[in-house]
Amino acid sequence: MLEVENVTTRFRSRRGVVHAVNGVSFRVGSSEIVGIVGESGCGKSATIRSVLGLIQPPGEIVGGRAVFDGTDLLAIPAGALRRLRGSEIGFVAQNPFGSLNPILSVAAQFHNLIVAHRGRLSRKQTRDMALQALQSVGISGPERVLDGYAHELSGGMAQRVVIGMATVLGPRLLVADEPTTALDMTIQRQILDLLQDLVRKRERSMILVTHDLGVVAQYCDRVVVMYAGKVIETGPTAQVFARPAHPYTQALLGSVPRRGEEIGILAGRVPSLIDYPPGCAFSNRCVHALDRCARIVPASRPVAGEDGWNVSCHLVSGDADPLSREEDVRAHRAG
Ligand code: SF4
């Protein structure tokens, strides 16, 4: 359904060019939930915003493709992408109140959204569609909510309204960027269960961006692990979580953050995205780092015998760099 290939996005800042997204590739199949996970600042949201055409200057997409059902989202005019976004691709952002207009009633916002994509429809028609959407996201008393405004909603209710708006036109792909971060713990699970339910029942697909490994384990068919603006491991969630191949994934899973706890308890820090390191971006924190790691960028390679499981690490089998792993290990031990 969606094939993201080598997407690269930079931001210009006073301190220099920020290498926010560096050749990111992953795919989302039909009826699949894919989790994008990593520490804060690892490029998860920038990747999603690049794919959806939501990068604003001083940000710039400098390369790559994002092919959605045969259409490269990065190559089509902004108007065509806007039409796809909302009708074919629904987006749920982190802060629901940032997505809702404070001076329009919920009904008016549904109306504007629907007529922007479906043409002239009466208020009665769009209200009926909105009512159905609000019922499908578990809002009791949807009439009252439709006639209300964003400031009258609780955080959980506002996110349900946003999900209703994101799904009212029946998109085939839903993109949820940390959709529960702004909500309290009890509401978080309800919202995630709701998203999963909507996607599974309608046989749709979803990209779920999160920093919570527990959420990935529970809700995602496949996982994309990002580090310093790159995908360092991607594969079926069950296999990757059972036998993580990349030292970063191993460290994340080894640290076992409690549910809702942000990743970021590994020793050391993510490298600067301005002075981007020349080799493996994880080499300053990696307990297995070899001599070549700080110099040579590891290519993404399939884990032997596994379909759709790829890892970027010199230690993974199939590495075709000139030095063998054994030579590296010997050199590392000697030095
Ligand atoms: Fe560690 Fe080297 Fe693999 Fe990077 S390439 S994760 S530094 S072993």
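Counting convention: from 1, in listed order, for ligands and their atoms alike.
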Practice task
Would you check if there is a donor-acceptor pair between the side chains of D193 and Y219 at a distance under 3.5 Å?
Solution key: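 Indeed, the side chains of Y219 and D193 share at least one donor-acceptor pair under 3.5 Å.
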Exercise for the section: Return the residue, atom name and 0.1 Å-rounded distance of the protein heavy atom closest to atom 6 (S) of ligand 1. Expected result: H246 CE1, 3.4 Å
Handout entry: K230 NZ to Y248 OH distance, which is reported to the nearest 0.5 Å
Key =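 Going from NZ on K230 over to OH on Y248, the span is 14.5 Å.
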Exercise for the section: Supply the atom-to-atom distance L253 CG to L213 CG, rounded to the nearest 0.5 angstrom. Expected result: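 So the gap between those two atoms works out to 5.5 Å.
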Atoms in ligand 1 with a heavy atom of [X] nearer than 4.0 Å:
{"X": "C293", "value": "2 (Fe), 5 (S), 7 (S), 8 (S)"}
{"X": "H314", "value": "3 (Fe), 5 (S)"}
{"X": "L315", "value": "8 (S)"}
{"X": "H288", "value": "8 (S)"}
{"X": "C280", "value": "4 (Fe), 5 (S), 6 (S), 7 (S)"}
{"X": "C286", "value": "1 (Fe), 6 (S), 7 (S), 8 (S)"}

Handout entry: Main-chain N/O of V223 paired with T234 side-chain donor or acceptor, under 3.5 Å
Key = yes
Exercise for the section: Using atom types as modelled and distance alone, determine if a side-chain donor or acceptor of E233 lies under 3.5 Å from a backbone N or O of A245. Expected result: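 Yes: the side chain of E233 pairs with the backbone of A245.
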Handout entry: Side-chain heavy atoms of L146 within contact of R127, under 4.5 Å
Key = yes
Practice task
Using a cut-off of strictly less than 2.8 Å, determine whether C313 has an N/O/S atom near atom 2 (Fe) of ligand 1.
Solution key: no
